[in-house]
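Here's the structure we're looking at; comments come further down.
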Amino acid sequence: MKSELTLLTDPVFLVLLRMIHLLELQSVVLCAGPEAVNVTCEETYPHSSMDWFNQCSRMEKAQSFIVNILPDCFIVGCPYLAVHLSPAIPVFAVLLFVFVMAMLLRTSFSDPGVLPRALPEEANFIEMEIEAANGNVLAGQRPPPRIKNVQINNQIVKLKYCYTCKIFRPPRASHCSICDNCVDRFDHHCPWVGNCVGKRNYRYFYLFTLSLSLLTIYIFAFDIVHVALRSVDSGFVNTIKETPGTVLEVLVCFFTLWSVVGLTGFHTYLISLNQTTNEDIKGSWSGKNRVQNPYSHKNIIENCCEVLCGPTYPSVLDRRGVMLEDSTSPTPSDASAASTHKSSNPVSQTTKSSAPLIPNEHTPDEAKPSIGAGTQKSTSSPKEEKPPSPTSPNAVAPAVIKESAH
Amino acid sequence: PADTFHNLQELRHSASLATKVFIQRDYSDSTICKFQTKFPAELDSRIERSLFEETVKTLNCYYGEAEKIGGQSYLEGCLACATAYIIFLCMETRYEKILKKISMYIQEQNEKIYAPRGLLLTDPIERGMRVVSFANTWDVFLSVGTTLKELCTIYKL
């Protein structure tokens, strides 16, 4: 009994600290939620290569919650339940946890369906087409907005022109200002996962939220069972003294349940109507005067099947190339070889496909020193030393020595 | 020399603009991958309408087959989900298999039909599945030749 108490006091403090952390994170979820990302195309800085480092740090939010809190919940009760009920209980929890982590990693590191920017020739071709269509615009008059109308299932859908990517966005695509890319079937940019959710990774995102809800419910239920069984043996008050951690964690799970299950329920509703979060928030298909959703099959099962069991679309990003201002890209044979070769190896694809996405917090100029600071701290300092004293050989010499040491 | 250099740049620029024709996506059938079969005026003198239409229709068929939602795609999806998508390490998806077929078809079409007519068809996957482009290979040679000639005059070779 005494040894158990000393063992448990530590987890109690840990859980308390993490509960505070969780509440902070929860407030992030409530505020951010399924964001309707502002479609601003003013920023035209070049599409540069992604760094893994920033992607990992963004994903940490979800990971820290799942990895730290949920297992803690269970580890306290595992031995008791395994002995008194069945060893299958913690085993299933572990399997479910592994599935949740796999889905999280897959959502976070896979290409959401980014549409690459138009190469200059294509952009010029489109510009010429637009100018031909607009005819002569009088000086001083604003040119008409660049919109194409297409008919889908007897509904008129407007395709907008993206000034950053220099393309007419396909239907359901939207430009994410955080990732600075147009994403096909754009749903939302998820801060928890640190990535956009689009055509290619929506099903992984949905499975992540679904499995996380199941995991939370499972842990909640078995924590209650654990507390109940102990109470039957030794009374409720004694149980709270023996395992205060479990009782606290029941509370934590209870509050977590609402947000995660709520999100899963919301996305289930969207899937059954074949809508995206973006469309739902903008109210594209709701209201009397608005167009009805042309993508819905009017059948819940068909909609679900299309979204969840549809084909796995290939990534069209050129992962090896870095697009520059004057857009030099690898030869077509390289790009096709890269895409077909890499798409046949999904695990490497998921890590490599994060390459072209740019970090969200920084412009490329700011990003370079931070990446440099992260990975090459030793080499950056000599460079800083050099400029202030170029003439004095003494200052330069140690800098040179530092560099040569690496 | 400055004038000739400026002319050279303009020439290269206009040659590159004239070298490519882009066939855009056809969204009338919702968001599936399909290209417009409308024959562009720029290719009027270069290729027969029927050959062009046949190529684009065959490409549309391939993409339609890849994106078909039916028994095989359900099976693949459910199996992959059950294994937490680890099975994709071993197995090639149906879409990828069809993409390989498409690139082989395009290569074959280029060799048989388009290269003799001085055109080069590019695989849509290289353009983000947005366009099928026809590049004019003869103009490329023409512009290269002209560029070399201009360079010779500049450097008085």
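Computed from a prediction, not measured in an experiment: that's the story for all the values here. By convention in this document, chain letters (A, B, ...) are assigned in the order of the sequence lines, proteins followed by strands, and residues within each chain are numbered from 1.
- Looking at A:V316 and B:E126, their side chains never come closer than 4.5 Å, going by heavy atoms from C-beta outward.
- In terms of heavy-atom proximity, B:F88 sits nearest to A:R106 at CD1-NH2, 4.1 Å.
- Considering CG of A:N124 and CZ of B:F22, their distance stands at 9.0 Å, rounded to 0.5 Å.
- For B:Q72, no part lies under 4.5 angstrom from a heavy atom of chain A.
- Heavy atoms closer than 4.5 Å to chain A are found nowhere in B:C33, neither backbone nor side chain.
- Across all their heavy atoms, B:C81 and A:F99 have their closest contact at O-CE1, 3.5 Å.
- The most heavy-atom pairs under 4.5 Å with chain A, out of B:L75, B:D29, B:V131, B:I86, come from B:V131.
- For the options B:A84, B:S133, B:G77, heavy-atom pairs under 4.5 Å to chain A are most numerous at B:A84.
- Residues A:E122 and B:R130 are paired through a salt bridge, judged by an N-O separation under 4.0 Å between the basic side chain and the carboxylate.
- Sparse packing is recorded around NZ of B:K38, with 12 or fewer heavy atoms of other residues, nucleotides or ligands lying under 6.0 Å away.
- Heavy atoms of A:Q151 lying under 4.5 Å from chain B belong exclusively to its backbone.
- Interface residue A:R203: only side-chain heavy atoms are found under 4.5 Å from chain B.
- No side-chain heavy atom of A:Y313 sits under 4.5 Å from any side-chain heavy atom of B:M129.
- When all heavy atoms of A:T312 and B:Y95 are compared, the closest pair comes out as O-CB, 3.6 Å.
- Across all non-hydrogen atoms, the minimal contact from A:F125 to B:V21 is CE1-CA, 4.2 Å.
- Looking at A:F168, there are no atoms closer than 4.5 Å to chain B (heavy atoms on both sides), in backbone or side chain.
- Contact annotation for B:A66: only backbone heavy atoms (N, CA, C, O) come within less than 4.5 Å of a heavy atom of chain A.
- No side-chain heavy atom of B:I69 sits under 4.5 Å from any side-chain heavy atom of A:C309.
- Taking 4.5 Å as the heavy-atom cut-off, the residues of residues 296-305 of chain A that approach chain B are A:C305, ordered by number.
- Side-chain contact between B:L99 and A:P314 is present, with at least one heavy-atom pair separated by less than 4.5 Å.
- Residues A:L115 and B:G128 come closest through the heavy atom pair CD2-O, 4.3 Å.
- For A:K148, the NZ atom is densely surrounded, since the number of other residues' heavy atoms within 6.0 Å is greater than 12.
- Proximity of A:M103 to B:Y85: side-chain heavy atoms (C-beta onward) are separated by under 4.5 Å at one or more points.
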